[in-house]
Amino acid sequence: MDIKDSQKKIKEFDKARGWDDMWNFKDLLLNITEETGEAWNLVKWVDDEKQREIVKENKEEVSDFIGDTMFLLLKLANQTDVDANQALEDTLKEYEKRMPPEKMKEVGHANKLAGGIDDKENGSNKSQ
Ligand SMILES: [Mg+2]
């Protein structure tokens with residue numbers, strides 16, 4: 001199932017339950033934040049290496065987070081009449097333009113292009 005099919009299926013899911021015009025933009029954003037908070041609880045306050053370990057050990061919860069969040073994003077796309085597949089293609093085109101591979105290999109992390117510094121040697125990431 002691709003993004004277009006998923007978006008259509010979620011529209012049908014909502015319509016079958018009479019939820020197609022029962023929505024609130026802010027509440028959907030809060031739902032997405034809640035899902036992010038659930039995932040964040042897995043890895044908060046641990047370093048990069050420990051995060052990778054936790055993610056491997058909690059693959060099912062990570063998968064649930066991705067599924068739940070994609071469901072909410074596609075629901076948001078339906079309710080705002082946005083073609084999610086096109087939105088993602090537009091974003092990828094923009095990122096390809098802003099972060100060309102040859103430039104990124106030179107600077108490393110995208111934060112450096114945005115004016116920030118990635119000070120991993122001193123144990124922190126910070127913006128200037
Ligand atoms: Mg969840």
Approximate separation, where rounding is to 0.5 Å, of [X] [atom1] and [Y] [atom2]:
X     : Y     : atom1 : atom2 : answer
Ile10 : Gln79 : CD1   : CD    : 10.5 Å
Ile66 : Leu73 : CD1   : CG    : 12.0 Å
Asn41 : Ile54 : CG    : CD1   : 11.0 Å
Trp40 : Thr36 : CH2   : OG1   : 11.5 Å
Thr69 : Ile32 : OG1   : CD1   : 7.0 Å
Asp14 : Leu74 : CG    : CG    : 11.0 Å

When hydrophobic residues are tied together by side-chain contacts of less than 4.5 Å, even through go-betweens, does Val46 share a cluster with Val62? yes

Is Phe25 linked to Leu28 within one hydrophobic cluster, defined over Ile, Leu, Val, Met, Phe, Trp and Tyr using a side-chain heavy-atom separation of less than 4.5 Å?
yes

- Query: Has the side chain of Ser63 got a donor or acceptor atom that lies under 3.5 Å from a matching backbone atom of Lys59?
  - Reply: no

Whether [Y] and [X] form a salt bridge (side-chain N of Lys/Arg under 4.0 Å from carboxylate O of Asp/Glu) is what I want to check.
X      : Y      : result
Lys11  : Asp20  : no
Glu102 : Lys105 : no
Lys15  : Glu12  : no

State, yes or no, whether a side-chain contact exists between [X] and [Y] at a heavy-atom distance under 4.5 Å.
X     : Y     : value
Asp5  : Lys9  : no
Glu61 : Leu42 : yes
Glu34 : Leu30 : no

**OP:** Give the intermediate values and the outcome of side-chain contact (heavy atoms from CB on, under 4.5 Å) for residues Leu29 and Leu76.
**Re:** CA-CA 8 Å; Leu29 294 177; Leu76 199 59; 4.0 Å; yes

Residue pairs meeting ring-ring contact (aromatic ring centres under 6.0 Å, His included), one or both in residues 57-92, sequence neighbours left out, come to Phe13-Phe71

Discussion item. With a 6.0 Å cut-off (strictly less than), is the heavy-atom count around CD of Glu94, excluding the residue itself, greater than 12?
Written reply: yes

### Message
Please determine whether the number of non-hydrogen atoms from other residues, nucleotides or ligands lying under 6.0 Å from atom NZ of Lys44 exceeds 12.
### Response
yes

> Side chains of Gln86 and Asp90: is there a donor and an acceptor less than 3.5 Å apart?
Replying inline: yes

Does the side chain of Asn85 pick up a donor-acceptor pair with the side chain of Gln7 at under 3.5 Å?
no

Verify side-chain contact (heavy atoms from CB on, under 4.5 Å) between Glu35 and Asp64, making sure each step is shown before the conclusion.
CA-CA 9 Å; Glu35 295 299 338; Asp64 283 350; over 6 Å; no

| request: For Glu53 and Lys50, run salt bridge (Lys or Arg N to Asp or Glu O under 4.0 Å): C-alpha distance rounded to whole Å, both residues' side-chain angles, the deciding distance at 0.1 Å, then the answer. | output: CA-CA 5 Å; Glu53 190 181 303; Lys50 185 69 179 167; 3.0 Å; yes

Exercise. Run the numbers on Asn58 and Val43 for side-chain contact (heavy atoms from CB on, under 4.5 Å), then give the verdict.
Key: CA-CA 10 Å; Asn58 293 276; Val43 294; over 6 Å; no

